[in-house]
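Working notes, structure below.
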Number of protein chains: 2
Amino acid sequence: MGQDVKLDDVAREAGVSIATASRALSGASRVSPETVRHVTEVARRLGYRVDKIARAMRAGTTRTAGMVVPIIANPFFAELVGAVEGELHKHDFELLLADSQADVEQEAKRLNTLVERRVDGIFVVSQDSRSATAVELVQRSVPIVQVDRSIARIDADFVGIDNEMGVAMVLRHLAELGARSVVLVSADDANSVGRSRRRAFQRVSAELGLSVREPVIGAFDVDTGSRAAGVLLERGELPDAVVTGSDLIAFGVIAALREAGREVPGDVLVTGYDGNAMSGLYSPPLTTVHQPLGVIAREAVMFLMERLKEPGLPPRRMEVRPELIVRRSTDGAPPRSAPDAAAAVDPARPGCHPGAPASGGRTRGR
Amino acid sequence: MGQDVKLDDVAREAGVSIATASRALSGASRVSPETVRHVTEVARRLGYRVDKIARAMRAGTTRTAGMVVPIIANPFFAELVGAVEGELHKHDFELLLADSQADVEQEAKRLNTLVERRVDGIFVVSQDSRSATAVELVQRSVPIVQVDRSIARIDADFVGIDNEMGVAMVLRHLAELGARSVVLVSADDANSVGRSRRRAFQRVSAELGLSVREPVIGAFDVDTGSRAAGVLLERGELPDAVVTGSDLIAFGVIAALREAGREVPGDVLVTGYDGNAMSGLYSPPLTTVHQPLGVIAREAVMFLMERLKEPGLPPRRMEVRPELIVRRSTDGAPPRSAPDAAAAVDPARPGCHPGAPASGGRTRGR
DNA sequence: TTGTACGCGTTATCAC
DNA sequence: GTGATAACGCGTACAA
């Protein structure tokens, strides 16, 4: 560990002072060109590498950000982490990853550790409202950017998707297809994502005059989907469409329905949410609300960078515009619907066009 | 950033020296119990947090490991990263994540950065043999643990799956079902995983007397699967079974075949590799070779920990035993096979039993 | 048992 | 343009 060559060695070997060596390499200022060349050459020859720990010690900044996610193995968070890491790298930042295991106490501990590591900022996909105390505390030491999920009490930057808009896109699409009865299968109200998707579903389906069945509520995982399929089948007649809160739920629903001999979209339409890589590959390919994670990551990192430059900045919120991707799981009119059901849709409302490119719309405020 | 309370503050407030405060908190030795209580209390009240950068500076160890993967968004690597992170956490280590974007130059840079960050060890899922120079260089500064993929020239610890065994399990399973003709769709020989799977396929299928079609070679991704399906269809008659090198390839194959009106397992059997979370959820559920990532991660971390304790240790290799998971994608005998084809299988060979729990078998040497 | 003082490797400040 | 030196916050050898 200590066998590495340090600046001191380079300086001695190059016959200059340690200060000159530092300046020559940092490309800072006031060093004669030939000294620079010489020192650089010596450094290269000796295989010198800065000790960024020492540099951080001196500079008071680590050029490292932390990121806490509920569970990295979830493809959605994996993609998100990948996007954030890539974006950070453009700014010459490193990423310290922490998996909270979907546990609030773990989350609190991991946040604390990140502060101890002196990260310059933390991206957090928080668990639920119980995360508030820990986040609030940590926020006093280091800038926080909430990603995907936001906690009401927390006055920190936030970047996520416009959940309401996504749900609205799905419901309008279904209504246009002639669906009359719909059911929601999603997560509970513990975090902002589940909450806003559920509320949007209630509001928009009412606006569209759809017949709403009792929702099946659980988590954003496959099991919730399979369980929901069981519940729906027990109730007897299936609704025209099942609107789910995540692609994983949709996979669970479809797989379980198929086990029971029901086909999608033949017997019932199903939609997902998130638009992960598997959604287009599934059978049937899934109609879903795609989240432009690249945009979300870019904006989240931008928020942090701007805050580092200007710490006094007021907290900002951004909700990125989602994109509806129409695929086979909602192909064709629902089986039992009257052909004129589509008349219930207000034609004046622009809705969304499947092929339209997603542009990250910015919403400021708060 | 500098507004945080430091040890000095705690010491002053507690009315003791900085050394005593340090000892009291580190729980080291030789401190009166009541001093410990007092200092601890003051620290808590002031909200003191150690500066682990400073501690690392002093201790010469960061308690941080780096991990370089080709692409974190790939569910397989995501799960692997998650498992490693969790395992590291048990040892009070943090994880610095680096995505090499499947690019050798990026990989080299990221490895270097990790060294500069003074990580105590690096887990690397290397790109291919071109990664050798960078890894070799970096290895002189910090312990390396190769995970999943191994580079021949590199004399570092390695933990991965027993690729040959996995392929053998699949082929015996297919042979037992009566498959006579098989084709491989997998990645090229650039990295050890693709290489050993392909070689094992050749060897074992010959041993089993299977009729082998010209393989379709690409990468471990979905596109390779779709493309392969096209190739197979163009060739005319499908083989009895398609053996793929990854679940993603299998998804691609199945989806494309279905587009063309062919069914799995009705028209052809298909197997995957990796056993990721989606494999059981797909339609049809995928027969696949499951990699116990928990075991792999645990052993990889163990390797590092042991090496940190005892740097002189000779490099070790471990190949973890995979587990065949039989599902519907290979349900039933292949359509065109003679019923007695299964006789080609040597019944004395233990093969693998679907329900058998995977135990991480250790192989040492090198 | 506790306190003093030094060093970890780097960079910035101040003299020359 | 270059060199000497202080400082970042902590842990510990040594002294008391």
Side-chain angles (χ1 to χ4, degrees), chain A residues 1-40 42-43 46-64 113 115-120 141-142, chain B residues 1-40 42-43 46-64 113 115-120 141-142:
Chain A
M1 174 109 289
Q3 72 200 19
D4 262 11
V5 38
K6 41 197 159 184
L7 193 53
D8 193 27
D9 303 322
V10 176
R12 192 185 354 266
E13 177 76 11
V16 298
S17 80
I18 203 175
T20 303
S22 172
R23 282 188 287 246
L25 295 176
S26 316
S29 53
R30 288 182 296 270
V31 192
S32 93
E34 65 176 322
T35 308
V36 172
R37 258 201 321 99
H38 181 49
V39 173
T40 310
V42 171
L46 264 51
Y48 168 77
R49 277 192 273 240
V50 267
D51 183 335
K52 290 197 170 161
I53 295 295
R55 175 180 287 177
M57 180 81 171
R58 164 76 210 191
T61 164
T62 53
R63 294 196 84 78
T64 304
T113 308
V115 175
E116 293 178 343
R117 297 267 166 170
R118 288 294 182 267
V119 295
D120 294 335
S141 309
V142 53
Chain B
M1 173 110 288
Q3 72 200 20
D4 264 8
V5 39
K6 40 196 161 184
L7 192 52
D8 194 29
D9 302 322
V10 176
R12 193 187 349 269
E13 177 75 11
V16 298
S17 81
I18 200 173
T20 303
S22 172
R23 284 188 284 249
L25 294 176
S26 316
S29 54
R30 289 182 295 271
V31 191
S32 94
E34 65 176 323
T35 308
V36 171
R37 257 201 321 99
H38 182 49
V39 172
T40 310
V42 171
L46 266 52
Y48 168 76
R49 276 191 275 239
V50 266
D51 183 334
K52 289 195 171 161
I53 294 295
R55 174 182 286 176
M57 181 79 171
R58 163 76 212 199
T61 164
T62 53
R63 294 196 84 76
T64 303
T113 308
V115 175
E116 292 178 342
R117 296 266 166 170
R118 288 294 183 267
V119 295
D120 294 336
S141 309
V142 54

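In what follows, chains are A, B, ... by sequence order, proteins preceding strands, each numbered from 1.
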Review point. Would Lys6(A) and Asp9(A) count as a salt bridge (charged side-chain N to carboxylate O under 4.0 Å, His left out) if you check the C-alpha gap in whole Å, the side-chain angles of each, and the deciding distance to 0.1 Å?
Key: CA-CA 5 Å; Lys6(A) 41 197 159 184; Asp9(A) 303 322; 5.7 Å; no

Review point. OP1, OP2 of dC10(D) versus side-chain N and O of Tyr48(B): anything below 4.0 Å?
Key: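 Checking dC10(D) against Tyr48(B), a side-chain N or O does come within under 4.0 Å of OP1 or OP2.
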
Exercise for review: Please state whether the phosphate of dT10(C), meaning OP1 or OP2, lies under 4.0 angstrom from any side-chain nitrogen or oxygen of Ser22(A).
Suggested key: no

Which atom pair, heavy atoms only, marks the closest approach of [X] to [Y]?
| X | Y | answer |
| --- | --- | --- |
| Leu25(A) | Tyr48(A) | CD1-CE2, 3.7 Å |
| Arg49(B) | Val115(A) | NE-CG1, 3.4 Å |
| Val10(A) | Val5(A) | CG2-CG2, 4.2 Å |
| Thr62(B) | Val119(B) | OG1-CA, 3.6 Å |
| Ser141(B) | Asp4(A) | OG-OD1, 3.8 Å |
| Ala21(A) | Leu7(A) | CB-CD1, 3.8 Å |

Any N/O pairs under 3.5 Å between the protein and nucleotides 3-6 of chain C? List them or say none.
residue: dG3(C); atom: OP2; partner: Ser17(B); partner atom: N; Å: 2.8
residue: dG3(C); atom: OP2; partner: Ser17(B); partner atom: OG; Å: 3.1
residue: dG3(C); atom: OP2; partner: Thr20(B); partner atom: OG1; Å: 2.6
residue: dG3(C); atom: N7; partner: Arg23(B); partner atom: NH2; Å: 2.9
residue: dG3(C); atom: O6; partner: Arg23(B); partner atom: NH1; Å: 3.4

Whole angstrom value for the distance that separates [atom2] of [N] from [atom1] of [X]:
| X | N | atom1 | atom2 | value |
| --- | --- | --- | --- | --- |
| Met57(B) | dA7(D) | CE | P | 15 Å |
| Glu116(A) | dC10(D) | CD | P | 11 Å |
| Lys6(B) | dA7(D) | NZ | C1' | 10 Å |
| Arg12(A) | dG9(C) | CZ | P | 12 Å |
| Leu46(A) | dG9(C) | CG | C1' | 16 Å |
| Asp8(A) | dT11(C) | CG | P | 13 Å |
| Leu7(A) | dA12(C) | CG | P | 12 Å |
| Asp51(B) | dC8(D) | CG | P | 12 Å |

Revision key, fill the gap. Overall bend of the helix from dT1(C)-dA16(D) to dC16(C)-dG1(D) (five pairs an end, 10° steps) is 50°

**Study point:** Arg55(B), nearest nucleotide to its side chain (from dC8(D), dT10(C), dC10(D))
**Key:** dC10(D)

Review point. Nearest of dT10(C), dC8(D), dT2(D) to any side-chain atom of Thr35(A)?
Key: dT2(D)

Study note, to complete from the structure: Distance col, row Ser26(B):OG vs Arg55(B):CZ, nearest 0.5 angstrom, shows 6.0 Å

**Study point:** Straight-line distance of Arg117(A) CZ to Thr64(B) OG1, nearest 0.5 Å
**Key:** 3.5 Å

